[in-house]
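Below is one structure; the comments refer to it alone.
Order of the sequence lines sets the chain letters (A, B, ...), proteins ahead of strands, with each chain counted from 1.
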Protein chains: 4
Amino acid sequence: MKQKAEPKQRLLDAATELFFKQGYHATGINQVIEEAGVAKASLYMHYPSKEALLLAFLQHRHETWFAGLHAATAKAKSPGKKVLAAFDYLQQKNVEEDFRGCAFLNMLSEVSDKEKEALAIIRSHKNELRSFFTQLLHEASPAVQTHVYLLFESAIVESQLYRDQWPVQEARKMVERLLGQK
Amino acid sequence: MKQKAEPKQRLLDAATELFFKQGYHATGINQVIEEAGVAKASLYMHYPSKEALLLAFLQHRHETWFAGLHAATAKAKSPGKKVLAAFDYLQQKNVEEDFRGCAFLNMLSEVSDKEKEALAIIRSHKNELRSFFTQLLHEASPAVQTHVYLLFESAIVESQLYRDQWPVQEARKMVERLLGQK
Amino acid sequence: MKQKAEPKQRLLDAATELFFKQGYHATGINQVIEEAGVAKASLYMHYPSKEALLLAFLQHRHETWFAGLHAATAKAKSPGKKVLAAFDYLQQKNVEEDFRGCAFLNMLSEVSDKEKEALAIIRSHKNELRSFFTQLLHEASPAVQTHVYLLFESAIVESQLYRDQWPVQEARKMVERLLGQK
Amino acid sequence: MKQKAEPKQRLLDAATELFFKQGYHATGINQVIEEAGVAKASLYMHYPSKEALLLAFLQHRHETWFAGLHAATAKAKSPGKKVLAAFDYLQQKNVEEDFRGCAFLNMLSEVSDKEKEALAIIRSHKNELRSFFTQLLHEASPAVQTHVYLLFESAIVESQLYRDQWPVQEARKMVERLLGQK
DNA sequence: GATGAATGAGTCTTCATTCAT
DNA sequence: AATGAATGAAGACTCATTCAT
């Protein structure tokens with residue numbers, strides 16, 4: 001039980017942390033409400049089901065993650081620098097979040113084809129990420145744009161796997177080379 | 001309920017299918033034994049716990065996946081061709097398994113740091129995959145070896161995400177270019 | 001949610017419909033307030049508890065049912081005709097209310113001996129019905145009066161059971177014969 | 001918690017008592033298992049749902065009730081005496097079961113049209129009761145057969161309502177007269 | 001070696017009620 | 001007078017595991 005505040009926000013915060021750390025199915029509603037310090041029925045006041053809470057979590061994560069990305073890349077002077085800054089953002093997140101990887105890819109392996117809404121958010125998140133690179137690299141070839149995206153994705157996944165920054169650092173170097181020879 | 005055969009094998013088969021399709025936590029012990037056509041206590045005869053079944057699943061998947069990889073790459077005449085054949089193997093698996101992606105990366109997002117044994121199998125699977133590429137490309141630079149590995153990984157993950165072969169095909173082309181300029 | 005009007009009346013209307021259709025325990029407070037288009041706390045403003053709402057429902061039903069009975073029997077010229085008109089009233093109610101039977105007997109099977117007030121309303125409703133027949137048939141023997149009452153009661157119950165008018169029609173014929181031989 | 005015995009039977013016994021005494025919706029699964037002295041999951045081993053338990057209860061009650069009826073009427077020498085003995089059976093049940101009335105009519109007011117199976121058992125119980133009278137009175141007119149049935153039904157219902165034997169006794173007298181004049 | 005029955009702790013969800021505004 | 005938010009207790013049901021046979 002925690003301090004009093006906006007219950008809906010506390011529930012979302014608790015769910016965000018737990019779903020991300022432990023996964024969706026491994027996290028029980030009881031754990032969420034205890035962490036949030038909120039009564040069980042209050043959860044169902046604000047979210048009609050556990051799945052609704054999942055969707056809220058994904059949406060919220062989507063927004064904060066991109067807000068962080070834009071903040072982290074804002075200062076970079078050129079598109080190429082911005083791209084590299086995105087990799088630095090990844091390293092920062094790894095440190096902050098103890099190498100839990102990508103919340104969306106993690107969820108992808110837990111949801112079935114039935115949960116269309118969750119899948120839609122996951123896909124739209126990644127589409128927005130691809131757009132981010134495509135727009136920055138609009139002068140480069142589509143092949144290079146996709147190449148950068150794919151390296152970014154493996155950078156997240158592999159650093160989660162090895163609990164180490166090397167995949168991000170290696171991928172960053174590869175991107176640097178890729179953009180240099182353009 | 002299915003036909004009579006080796007119960008232990010049938011349990012492993014059922015678990016393999018269900019854990020891979022639905023995830024570990026989303027799959028109940030009851031579903032496994034029903035699919036296997038085996039009594040509940042029989043499961044615990046052969047596997048002391050659900051987690052033990054998980055480990056057996058991962059181990060089994062590891063072996064069959066690599067057996068498939070070696071079979072699929074055996075006919076290729078050169079190391080470069082073998083690498084490309086690995087990407088073709090990916091496409092084949094996507095079709096066979098309806099784009100369920102990598103069983104090991106999927107499990108990675110469900111297990112916590114506590115489940116050391118599962119993590120160990122997951123990591124050793126990926127290490128063996130890295131070795132596969134490193135050995136084939138022993139004449140190339142370590143950077144290229146890693147680059148191919150990273151593209152291979154995103155190829156799996158992204159084709160699961162989009163339920164489409166394009167990420168494998170694109171990654172394959174990039175690898176082709178990478179190896180061509182060597 | 002419905003149009004604005006007297007909240008207290010709307011609550012009673014909603015409860016009347018739902019308690020009668022689904023039963024008391026099968027009807028939740030949330031369903032009542034949603035049907036009534038009223039806030040939850042407003043319900044507890046007007047009725048201190050769910051049981052109070054039940055009592056109001058029974059009382060209201062008692063009044064409207066007898067109002068209908070008196071209206072339906074008013075035009076009949078003789079006591080005997082009035083008695084028969086009561087059976088016609090039953091048929092009319094069956095049509096209007098889709099053979100839901102007697103709200104009071106239905107509730108009788110849901111309330112325990114503890115809910116004295118509800119029981120009291122139920123019994124007083126039936127006592128008034130007996131009086132209705134007794135007064136109309138004051139020239140007949142007590143045995144006949146009771147006989148008519150009992151046939152009336154089974155007519156309601158059995159038409160609910162079979163969802164058919166035949167029990168009312170048969171009972172009506174028996175009463176006709178009973179009164180004819182007087 | 002009670003003594004060890006066949007759990008399935010104990011569950012049915014507990015459900016029989018509680019559903020009959022309190023009604024279906026007013027009885028929780030927790031109460032049933034506590035009364036039966038059985039674990040929750042054991043209930044769901046034997047009965048897949050609460051509704052399945054309800055059906056078992058109705059079926060069981062149907063069988064025991066008719067077994068009692070046949071036993072109670074067996075000794076009577078003539079069909080007419082058997083019919084009257086049925087009314088005596090009712091009085092006996094009222095004493096034994098504290099005027100809880102008819103389990104089937106009570107349930108009728110709790111189940112909705114959706115629960116087809118429960119409705120089917122209820123109706124078949126009453127059809128069998130009608131058959132019982134029809135066969136005994138096969139020499140009488142259909143009108144008399146139905147008349148007896150209807151009086152029998154009100155006898156149960158009204159004695160439950162008033163918690164008194166008079167409705168059974170009155171109905172019995174009416175039937176006596178009815179059969180006497182035949 | 002194999003099983004069906006049994007279990008305590010857990011799942012997600014809804015209950016009738018109260019409170020601060 | 002009226003409300004949306006909040007709650008503890010209870011709802012039906014499932015979990016992974018064990019045990020007697």
Side-chain angles (χ1 to χ4, degrees), chain A residues 4 6-8 10-11 24-33 36-54, chain B residues 4 6-8 11 24-33 36-54, chain C residues 4 6-8 11 24-33 36-54, chain D residues 1 4 6-8 10-11 24-34 36-54:
Chain A
K4 291 274 164 182
E6 307 293 335
K8 183 164 186 175
R10 293 218 310 285
L11 284 165
Y24 176 65
H25 286 105
T27 300
I29 234 67
N30 287 326
Q31 218 183 336
V32 174
I33 62 167
V38 158
K40 200 173 289 190
S42 300
L43 189 160
Y44 285 91
M45 259 272 305
H46 296 292
Y47 302 97
S49 67
K50 191 189 180 187
E51 197 187 341
L53 188 56
L54 169 63
Chain B
K4 289 274 164 183
E6 308 291 337
K8 183 163 186 174
L11 284 165
Y24 176 65
H25 286 104
T27 300
I29 233 68
N30 287 324
Q31 218 184 336
V32 174
I33 62 167
V38 158
K40 192 171 290 191
S42 300
L43 188 159
Y44 285 90
M45 269 269 309
H46 296 293
Y47 302 97
S49 68
K50 190 188 180 188
E51 197 187 341
L53 189 56
L54 169 62
Chain C
K4 288 275 163 182
E6 309 290 337
K8 184 164 185 174
L11 284 165
Y24 176 66
H25 286 105
T27 300
I29 233 68
N30 287 324
Q31 217 184 336
V32 174
I33 62 166
V38 159
K40 192 172 289 191
S42 299
L43 188 159
Y44 284 90
M45 269 269 310
H46 296 292
Y47 301 98
S49 67
K50 191 189 179 187
E51 197 187 341
L53 189 56
L54 169 62
Chain D
M1 305 173 195
K4 291 271 164 183
E6 307 293 335
K8 183 164 186 175
R10 293 218 311 285
L11 284 165
Y24 177 65
H25 286 105
T27 301
I29 233 67
N30 287 326
Q31 217 184 337
V32 174
I33 63 168
E34 194 190 351
V38 158
K40 199 174 291 190
S42 299
L43 189 161
Y44 285 91
M45 261 270 307
H46 296 292
Y47 302 98
S49 66
K50 190 189 179 186
E51 196 186 342
L53 189 55
L54 170 62

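Distance check, rounded to the nearest 0.5 Å: OH of C:Tyr24 to NE2 of D:His25 gives 14.0 Å. B:Lys50 NZ to B:Leu43 CG: the interatomic distance, rounded to the nearest 0.5 Å, is 10.5 Å. To the nearest 0.5 Å, atom CG of residue B:Leu53 and atom CD1 of residue B:Ile33 are 11.5 Å apart. Atom CD1 of B:Ile29 sits about 11.5 Å away from atom OH of B:Tyr47, to the nearest 0.5 Å.
Phosphate contact (OP1/OP2 of F:dA5, side-chain N/O of A:Ser42, threshold under 4.0 Å): absent. Distances shorter than 4.0 Å separate none of the side-chain N or O atoms of A:Asn30 from OP1 or OP2 on E:dC12. Residue D:Tyr44 places none of its side-chain N or O atoms closer than 4.0 Å to OP1 or OP2 of F:dT14.
Rounded to whole Å, the distance from CG on C:Leu53 to P on E:dC15 is 15 Å. Look at OH on B:Tyr24: it is 8 Å from P on F:dA16, rounded to the nearest Å. Distance A:Ile33 CD1 to F:dA10 P: 15 Å, rounded to the nearest Å. One interatomic measurement links the two molecules: CD of C:Gln31 to P of E:dC15, which rounds to 8 Å at whole-angstrom precision. Counting to the nearest Å, the C1' atom of F:dA6 and the OH atom of A:Tyr47 are 15 Å from each other. Atom CD1 of A:Ile29 is separated from atom C1' of E:dA9 by 17 Å (rounded to the nearest Å). What separates CD of C:Glu6 from C1' of F:dA2 is a distance of 14 Å, to the nearest Å. Taking atom CG of D:Leu43 as the reference point, atom P of E:dG4 lies 20 Å away to the nearest angstrom.
For a distance-only test at 3.5 Å, the side chain of A:Lys40 fails to qualify as a donor-acceptor partner of the base of F:dT7. The base of F:dT17 is not paired with the side chain of B:Lys50 by any donor and acceptor separated by under 3.5 Å.
Between A:His25 and B:His46, it is B:His46 whose nearest contact on DNA chain E lies nearer the 5' terminus. Place D:Gly28 and B:Thr27 on DNA chain F by their nearest nucleotides, and D:Gly28 ends up nearer the 5' end. Map B:Met45 and C:Ala26 each onto its nearest nucleotide of DNA chain E; the residue landing nearer the 5' end is B:Met45. Both D:Ser49 and C:Ala39 lie near DNA chain F, and the one whose nearest nucleotide falls closer to the 5' end is C:Ala39.
Inter-residue side-chain proximity for D:Lys8 and D:Val38 is flagged as unmet; no heavy-atom pair is nearer than 4.5 Å.
With a 3.5 Å ceiling on both atom-pair distances, F:dA1 lacks any Watson-Crick or G-U wobble partner.
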